[in-house]
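Report on the following structure.
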Amino acid sequence: MLHPSRLGRLTLLPRALSAMAAPPAGASGQAGPCFAVEGPGSDLVCFTLSAGASGRPEPRCFVPAPGRCYSLCVPAASSVPMARLHRRLQQRLRQGPFGRCRVLGLLCYGAQAALEKGFLIQDPQGGPETERALEELLRGLGELPPLLGVYEAGERGELWQCLWALRGAGGRELLRRARVVAAEEPPLHPAVPGLSHAAVFHSLEAARSVVEQCTSFIPEATAVLDLVDKCPKQSKKGEFPVIVIEGLDATGKTTVTQSVNDSLNALLLRSPPACISQWRKTFDDEPTLIRRAFYALGNYIVASEIAKASTESPVVVDRYWHSTAAYAIATEISGKVQNLPPAHHEVYQWPEDLLKPDLVLLLTVSPEERIRRLQGRGLEKTEEETELEANSLFPQKVEESYKRMENPRCQEVDASPSREEVLRTVLYLIKKHCGSL
Ligand SMILES: *[C@@H]1O[C@H](CO)[C@@H](O)[C@H](O)[C@H]1NC(C)=O
């Protein structure tokens, strides 16, 4: 449960730093805020604001009259309270009075301000109920809630964004009214620059500080930190080889890992490690920032287990940093595969302070074969797995991210043939890279 007074205090942001509240592009040529609407699995629809008349067309993400649209944004920085506020809004917008609305992801960027994440709420019926419910939702968040964008059609069919600040005693103040005009999709997905701060952790300290901020509302966070702090820092690999097996669900990872483990007389480890996996459910229910920090810390705990075990026998690891990073990138970057950060981007680099394996094998099967294998299972699914199945772009983005990982990169193995054949290939690759065992 988020405490309203805490949120109220923390939403006290200088408005000048808010991209949403930045002035629209003017005649002087300064850049105004830009918005990207994230349709389900489709392209980004971008728009910007214009102070005066403009010959540019209206963007395609607004419902025609009598429908109405609204928007809300919160800063997307690596702040735990903001991440929770975003998550809370997301949950509330799925319920009650918003049932008839379509809620799409919205990114607000540009205007020399940090990225903001929010929602475009499309109400196909119009009417005052949705606006009233949004106001009520925002007022429930504290003394300085996020601003409310209300979109309305002008006399000649043009579109306007009215930006409202809610005030005490039921009052509200119009901060500005600006024309909404279509904009080009930016060359880089707007969420890419923020990935390294909010979703992909490149040091123990970065992940640790996020989980540390959660101890007051997630009791398990303290236990996770205790386990992390007990691990020796800067753990070094022993003389035995360390082999990581990566891949999407239903690529045969578990079978292959177990067979390789048996064949090499190895020790089998997995990330997240057994000592924290009982808290997965808790962290899976938290916003991306917190969930990713938890999985990142899991990798550092596994690293210390690898360091110890690899002095005694070969080690096989079922998922490690590459999975944590690939799933984070694919979740944060909406839309098509082309939206991913370009190859060699910093998000694909291995963290300097994390023990490196000798070999990383990426198991791949065709999408059709993977669906067939998934259907043969009856497991309880996490939100992420459900998304994975519902949206075929998601697994494509995860797999493409795996393939872009560097230093160490993933060695791809076609896992569609028989178990025996896949195992033979895998053992051959291990022998080739790690020498005699
Ligand atoms: C991994 O292999 C070792 C050696 O064959 C075996 O003792 C161990 O039980 C295996 N681990 C798992 C989880 O299968």
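Remember, it's 1-based here, ligands and their atoms both numbered in the order they're listed.
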Residues Lys230, Asp226: salt bridge by 4.0 Å N-O rule: no

Plane angle bin for Phe47 and Phe35 - parallel if under 30°, tilted between 30 and 60°, otherwise perpendicular: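 Ring orientation of Phe35 relative to Phe47: parallel.
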
His86 and Phe119 aromatic ring geometry - parallel, tilted or perpendicular at 30°/60° bounds: parallel

Ligand 1 versus Leu268: contacting region, heavy-atom distance under 4.0 Å: side chain

Atom 6 (C) of ligand 1: the protein heavy-atom neighbour that sits closest, reported with distance to 0.1 Å: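 Going atom by atom, the protein heavy atom closest to atom 6 (C) of ligand 1 ends up being Asn261 ND2, 4.2 Å.
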
Shortest protein heavy-atom distance from atom 5 (O) of ligand 1, along with the residue and atom involved: Asn265 OD1, 3.3 Å

Flag side-chain contact, heavy atom, 4.5 Å: Arg292 against Val200: no

Test item: Leu355 and Trp350 side chains (from C-beta on) under 4.5 Å apart, heavy atoms: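 No. Closest side-chain heavy atoms not under 4.5 Å.
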
Option of least heavy-atom distance to atom 3 (C) of ligand 1 (set: Ser259, Ser263, Ala266): Ala266

Gln258 N/O under 3.5 Å from ligand 1 N/O: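 Min N/O separation from ligand 1 is not below 3.5 Å for Gln258.
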
Closer than 4.0 Å: a protein non-hydrogen atom to atom 14 (O) of ligand 1: yes

